[in-house]
Amino acid sequence: MFWTVTQSLLEGFASTLELFALTLVFALPLGLIISFGSMSKLKPIKWLVRTFVWIIRGTPLMLQLIIIFYVPGFVGMWAQDQQSSNLFIQWLATWHVLDRFGAALLAFVINYACYFSEIYRGGIESISKGQYEACHVLGMTKSQAFFKVVLLQVVKRIIPPMSNEIITLVKDTSLARIISVYEIIWSGEAFIKSDGLLWPLFYTGVFFLLACGLLTILFNKIEKKLSYFSV
Amino acid sequence: MAILEVNELTKDFGTTKVLKGITFSLEEGKVLSIIGSSGSGKTTLLRCINGLETATSGKISVNEKVVFDSTITDKNALKEIKGNQQNIGLVFQQFNLFPQYTALGNVTLAMKLAAKKRPDYKKNKKHILEEIDKIAKGYLDKVGLSDKLGNYPCELSGGQQQRVSIARALAMNPQILFFDEPTSALDPELTGEILKTIRQLAEDNMTMVIVTHEMNFAKDVSDEVIFMDDGVIAEQGTPEEVLVNPKNPRTKAFLNTYEK
């Protein structure tokens with residue numbers, strides 16, 4: 001039985017890891033773009049982006065999952081009821097419920113990109129103006145200054161908060177359960193219904209522990225690798 | 001021949017007038033010290049000449065090439081002015097070394113990035129980079145750090161870091177080198193090595209402008225001294241004239257605070 005459960009949980013965990021990895025792939029660069037927006041010299045862009053970040057960070061991720069999963073379907077139904085000739089409403093009428101995994105991924109990417117953007121912003125703003133000024137008097141361009149001098153210092157600074165956030169993401173993927181995405185909590189819960197077994201659900205914790213343990217080791221290694229200089 | 005000419009330079013920050021019309025010139029190979037209390041505008045003057053701040057009005061030229069002129073708005077002319085700024089070197093109070101590069105890397109980085117634009121870069125890459133390393137090693141040797149080439153800034157003392165930053169500025173082959181309070185961030189026992197380095201540069205006839213609080217050093221190394229007060233040049237002359245026999249009561253009052 002133990003072997004059957006392990007196998008089933010591993011399958012669920014594969015889906016968990018897929019959600020985790022895809023979220024990182026999209027949220028890490030998107031976060032950088034959002035951070036540039038929140039530091040923009042154009043005030044309207046800056047305030048628009050900051051308001052968006054406030055909304056995303058100020059509401060529960062679970063609620064965001066539910067909204068992203070259900071709202072497009074409601075909008076589509078409402079638009080169909082209108083029987084309108086308006087092209088926009090006709091377009092809205094084509095909206096339908098997203099597939100579960102896609103909705104979860106979208107919610108995670110948006111949510112995590114906002115958190116990452118604040119970490120990037122903190123890192124970028126913490127680099128002293130003197131670094132840019134030194135680059136300027138040495139005749140470097142602004143992009144040379146950012147990529148050749150500033151970026152690695154930012155990376156070094158944000159590794160600790162980033163590792164924190166990324167480890168949280170491993171566990172937050174379990175929230176996708178609320179919109180019935182197939183992942184490890186789902187596979188653990190399934191044994192309650194099918195076999196009356198509770199322990200497989202508890203057993204899922206081991207998988208999270210292992211994944212977070214590995215990530216901790218990985219981030220420690222990166223931190224060590226960058227310890228040759230201090231910022 | 002005057003290598004640096006500053007003409008009626010003013011700088012406002014909002015409604016605060018920090019520089020109220022600065023005019024002076026400096027001959028090639030001479031050393032000028034600028035003294036004055038905090039807030040007198042000396043650092044702002046330095047930053048305006050180096051292009052870190054944009055002055056409000058006036059004109060600055062280095063070696064008869066304009067590096068700032070408030071009346072010029074033409075884009076191409078402004079681009080040319082930016083190129084002329086390469087003739088000016090600056091050593092910062094806080095060193096501003098790049099922490100992730102070694103001493104050698106700090107000195108070579110800007111040269112290596114600039115070399116990428118050379119038409120023969122791809123063909124002679126190895127040779128060019130070796131040549132740059134050689135030049136950089138020469139400057140680090142000049143400031144007495146040939147045994148620290150591979151060390152990162154965090155492994156160096158404050159004085160050594162400042163000497164790396166001097167080597168980094170020299171490597172750009174500037175026609176004038178500016179120092180913004182180069183010893184103010186250092187422990188008193190470390191200021192000596194920086195002053196020694198600057199003195200050596202003076203002996204090599206490097207044109208230098210030094211903003212400093214080290215009065216004895218200013219007296220010793222400079223050919224000319226400017227005392228700034230409240231955004232104007234209050235007194236100007238030889239070290240003897242300004243530091244030993246000042247005529248302006250404000251210079252006297254300022255120097256008195258140092259003797260106590």
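Chain A is the first sequence line, chain B the second, and so forth, proteins listed ahead of strands; every chain is numbered from 1. The model shown is predicted, which means the values in this text are computed figures rather than measured ones.
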Examine whether an atom of B/R47 lies under 4.5 Å from a heavy atom of chain A, and if so say whether it belongs to the side chain, the backbone or both; otherwise answer neither.
-> side chain

Does A/K156 NZ have over 12 foreign heavy atoms under 6.0 Å away?
-> yes

Close contacts, residues 137-148 of chain B versus chain A, judged by heavy atoms under 4.5 Å | none

Got a sec, which residues hit side chain to side chain donor-acceptor pair (under 3.5 Å) with B/S165, two or more places apart in sequence or on another chain?
-> B/Q162

Rounded distance [0.5 Å steps], CG in B/N50 versus NE2 in A/H136 = 8.0 Å

Is it true that atom CD of A/E223 has more than 12 heavy atoms of other residues, nucleotides or ligands lying nearer than 6.0 Å?
-> yes

Interface residues of residues 93-116 of chain B facing chain A - heavy atom cut-off under 4.5 Å = B/N96, B/L97, B/F98, B/P99, B/Q100, B/Y101, B/L109, B/A110, B/L113, B/K116

A/E133 versus chain B, heavy atoms under 4.5 Å apart: side chain, backbone, both or neither?
-> both

What part of A/K148 is in contact with chain B, defined as an atom under 4.5 angstrom from a non-hydrogen atom: side chain, backbone, both or neither?
-> both

Note: B/R168 and A/A134 closest approach over all heavy atoms is NH2-CB, 3.6 Å

Anything in residues 57-66 of chain B with a heavy-atom distance to chain A below 4.5 Å? Please list those residues in order.
-> none

Do A/V137 and B/F178 touch side chain to side chain, with heavy atoms closer than 4.5 Å?
-> no

Would you say B/E80 has more than 12 foreign heavy atoms packed within less than 6.0 Å of its CD?
-> no

